[in-house]
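Written out below as structure tokens is the structure these notes cover.
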Amino acid sequence: MATSTLAAGLRCRCPGCGEGRLFASRWSLDLKPQCDLCGLDFRFADSGDGPAVFAIMILGALMLGGALIVEFMFEPPVWLLLTIWSPLTLGLAFGLLKPLKALLIAAQYRHKAAEGRLAGK
């Protein structure tokens, strides 16, 4: 049963069947060699630095915007800002990496992306 790219990515599931697990374990960013359910080989998947770049952009906007709003509305001491925003930033960064990696892999699968090849070779 095929699933949407977005649904498979957000659920960290196989982009082929939408049900098999994509990652080796719950806390790992390592991919399984293949899907347990449909047998799709995950060797095609190479997200590179894409997930980290997207996470940096998303977190930069959210954390900077939130920190500025809190600073101008409440004027808390610097130690309180560091206490609030540091763990929040780290938690969101690690929480975003896995679904972003899965989304990029699902998009690669859907669009049949591969290494560059010359036409006719």
Side-chain angles (χ1 to χ4, degrees):
M1 170 173 119
T3 186
S4 77
T5 304
L6 183 62
L10 291 177
R11 293 179 54 225
C12 299
R13 301 295 180 172
C14 169
C17 67
E19 296 300 322
R21 294 191 183 273
L22 186 62
F23 295 99
S25 72
R26 181 180 180 113
W27 303 107
S28 172
L29 286 174
D30 295 331
L31 296 178
K32 288 183 161 191
Q34 66 183 29
C35 178
D36 295 333
L37 299 177
C38 71
L40 177 65
D41 187 359
F42 294 141
R43 283 185 289 180
F44 74 90
D46 181 19
S47 61
D49 292 334
V53 171
F54 285 120
I56 289 168
M57 297 297 178
I58 292 168
L59 284 171
L62 291 176
M63 297 298 107
L64 181 60
L68 286 173
I69 290 170
V70 168
E71 173 63 31
F72 288 124
M73 289 181 72
F74 304 109
E75 298 181 15
V78 173
W79 67 267
L80 184 59
L81 286 173
L82 291 172
T83 304
I84 293 170
W85 294 105
S86 295
L88 186 61
T89 302
L90 287 172
L92 284 174
F94 288 117
L96 278 174
L97 282 176
K98 202 170 198 174
L100 287 173
K101 182 172 184 170
L103 277 169
L104 288 176
I105 290 170
Q108 271 185 317
Y109 175 77
R110 178 175 180 185
H111 297 290
K112 298 174 179 67
E115 287 187 36
R117 294 180 296 271
L118 296 175
K121 300 247 178 196

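Positions are given from 1, in the same order as the sequence printed here.
Distance CG/Leu22 to CD1/Ile105: 5.0 Å, rounded to 0.5 Å. Atom NZ of Lys98 is separated from atom CG of Leu10 by 13.5 Å, given to the nearest 0.5 angstrom. Leu37 CG to Arg13 CZ: the interatomic distance, rounded to the nearest 0.5 Å, is 9.0 Å.
More than 12 heavy atoms of other shown residues, nucleotides or ligands fall within 6.0 angstrom of atom CG in Asp41. Around CZ of Phe94, the count of heavy atoms belonging to other residues, nucleotides or ligands within 6.0 Å does not exceed 12.
Minimum interatomic distance between Lys101 and Pro51 (heavy atoms only, all atoms of both residues): CA-CG, 3.5 Å. The shortest non-hydrogen separation linking Ala102 to Gly9 is CB-O, 3.2 Å. Leu97 and Leu29 get closest at one heavy-atom pair: C-CD2, 4.2 Å. Of all the heavy atoms in Ser4 and Ala7, the pair that sits closest is OG-N, 3.0 Å. Annotation for Ala8 and Cys14: closest pair CB-O, 4.0 Å, computed over non-hydrogen atoms. Closest approach of Lys32 to Arg21, counting heavy atoms only: CD-O, 3.5 Å.
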Would you tabulate the side-chain donor-acceptor contacts of residues 65-91 under 3.5 Å, counting partners in other chains and residues two or more places apart, or write 'none'?
residue, atom, partner, partner atom, Å
Thr83, OG1, Trp79, O, 2.6
Ser86, OG, Leu82, O, 3.0
Thr89, OG1, Trp85, O, 2.7

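Contact of the Phe54 side chain with the Ser47 side chain is not registered, since no non-hydrogen atoms from C-beta on lie closer than 4.5 Å. Counting heavy atoms from C-beta outward, Leu31 and Phe23 have side chains that approach closer than 4.5 Å.
Exactly one of Asp46, Leu103, Thr5 qualifies for a side chain to side chain contact (heavy atoms under 4.5 Å, CB included) with Gln108. That residue is Asp46.
Grouping the Ile, Leu, Val, Met, Phe, Trp and Tyr side chains by contacts below 4.5 angstrom, directly or via other members, places Leu100 with Leu92.
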